[in-house]
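Notes for the one structure printed next.
Chain naming here is simple, since letters A, B, ... match the order of the sequence lines and numbering starts at 1 in each.
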2 protein chains.
Amino acid sequence: MPVRAVNLVRMAESVAPPEFDPRCPSSDIPVQIGGKWTGMVVRCLQSGPRRFTELREPLRGVTPKVLTETLRAMERDGLVTRTVHDENPPRVEYALTPLGRSLVPLIDAARAWSEEHLPDLLRARETYEP
Amino acid sequence: MPVRAVNLVRMAESVAPPEFDPRCPSSDIPVQIGGKWTGMVVRCLQSGPRRFTELREPLRGVTPKVLTETLRAMERDGLVTRTVHDENPPRVEYALTPLGRSLVPLIDAARAWSEEHLPDLLRARETYEP
DNA sequence: CAGTATCCCATATGATACTG
DNA sequence: CAGTATCATATGGGATACTG
């Protein structure tokens, strides 16, 4: 399996601890938002709204349970909207909100980093010995 | 505990699945690099080399075991160097490599995102109801 | 179609104690 | 000082089967 790129998949909502240490500007306690699939969902929705199964397809390997959890969390955080069209069979569409769209540059930056630096990282990994 | 910012804490080394779906440019299978503390270690080392205990201090809450694991992984990936000075008591210094330093803009971008958008996310979280 | 309902498991993280 | 060594556990992620 060839290595392709690096995705941003997790971010942390950081909370200042009671005893914030000014010597390290990021000595925060992280509380995570996002997860394994969040970044990929954002990218999949970039080109427009998609239905549940339309998301499952390109995200090969994601189980319906996990995709549901991911989408619910993103909805809760205001990253996507969930629209139920009253039809039969049911049709549910997910779309990015402006907030969700604002993540795109960050994800792109992570991928750009990977395209530029991943070979170095992998080389380091190969030559490393404990 | 006031919310301060958002840190990038995880990234995924993405591997193309056998059946890559062209409709979604990021339908990759992620294999994670990084972890809860990696981003903070990078930021702590930004201002120069630090010793093990000098890292433990600002990263309140990290146990020696976990900090060791984090640093070893970062060393393996070529993000930091570990220099043992032959003295007594022992002195070990960790420093960013150019590769490690190249992560800084990405981490800063994540923090910038948070400073700009975290209030929106938290507001969405509060008004959300299942 | 768009999910739920269960069950399961690896692993990331942490608590605590000890050492060359 | 700079770690190891153990042990414990929460939870993110997955497998599988079922449903309005």
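For B:Thr63, there are no side chain to side chain donor-acceptor pair (under 3.5 Å) partners two or more places apart in sequence or in a different chain. Applying the side chain to side chain donor-acceptor pair (under 3.5 Å) rule to A:Arg91 yields the partners A:Glu87; only residues at least two apart in sequence or on another chain are considered. Remark: B:Pro90 engages no residue in a side chain to side chain contact (heavy atoms under 4.5 Å, CB included) (not counting sequence neighbours). For A:Glu129, there are no side chain to side chain donor-acceptor pair (under 3.5 Å) partners at least two apart in sequence or on another chain. When the side chain to side chain contact (heavy atoms under 4.5 Å, CB included) test is applied to B:Thr97, the partners found at least two apart in sequence or on another chain are B:Thr81, B:Leu99. With sequence neighbours left out, B:Glu69 forms a salt bridge (charged side-chain N to carboxylate O under 4.0 Å, His left out) with B:Lys65. When the side chain to side chain donor-acceptor pair (under 3.5 Å) test is applied to A:Arg56, no partner is found at least two apart in sequence or on another chain.
Regarding contacts with the backbone of C:dC1, every side-chain N or O of A:Arg51 stays at 4.0 angstrom or more from both OP1 and OP2. Between A:Thr53 and C:dA2 there is a side-chain N or O to OP1 or OP2 distance below 4.0 Å.
Following rounding to the nearest Å, B:Leu59 (CG) and D:dA2 (P) show an atom-to-atom distance of 15 Å. Atom-to-atom, CZ of A:Arg82 to C1' of C:dC1 comes out at 12 Å; the value is rounded to the nearest Å. Between the CZ atom of B:Phe52 and the P atom of D:dC1 there is a distance of 12 Å, given to the nearest Å. A:Leu71 places its CG atom 14 Å from the C1' atom of C:dC1, with the value rounded to the nearest Å. What separates CG of B:Leu55 from C1' of D:dC1 is a distance of 13 Å, to the nearest Å. Taking atom CG on B:Asn88 and atom P on D:dA2, their separation rounds to 12 Å, with Å as the unit. One interatomic measurement links the two molecules: CG of A:Leu67 to C1' of D:dG12, which rounds to 15 Å at whole-angstrom precision.
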For nucleotides 14-18 of chain C, tabulate all protein N/O to nucleotide N/O atom pairs closer than 3.5 Å, reporting atom names and distance.
residue: C:dG14; atom: OP1; partner: B:Lys36; partner atom: NZ; Å: 2.3
residue: C:dG14; atom: OP2; partner: B:Trp37; partner atom: NE1; Å: 3.0
residue: C:dG14; atom: N7; partner: B:Lys65; partner atom: NZ; Å: 3.3
residue: C:dG14; atom: O6; partner: B:Lys65; partner atom: NZ; Å: 2.4

Subject >> Per-nucleotide pairing state of DNA chain D [Watson-Crick or G-U, under 3.5 Å; [ ] pseudoknot-crossing; | other strand] >> reply: ||||||||||||||||||||

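For the pair A:Pro89 and A:Arg72, nearest-nucleotide mapping onto DNA chain C gives the more 5' position to A:Pro89.
Between D:dG3, D:dC1, C:dG3, one nucleotide has an atom nearer to the side chain of B:Tyr94 than all others, and that is D:dG3.
When all heavy atoms of B:Leu103 and B:Val42 are compared, the pair lying nearest together is CD1-CG2, 4.4 Å.
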Original post:
Under the side chain to side chain donor-acceptor pair (under 3.5 Å) criterion, do A:Tyr94 and A:Arg50 qualify, and how do the steps go?
Top reply: CA-CA 5 Å; A:Tyr94 293 92; A:Arg50 296 221 179 173; over 6 Å; no

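Heavy atoms of B:Glu69 sit under 4.0 angstrom from at least one base atom. Note on A:Arg56: nothing from the nucleic acid sits closer than 4.0 angstrom, heavy atoms only.
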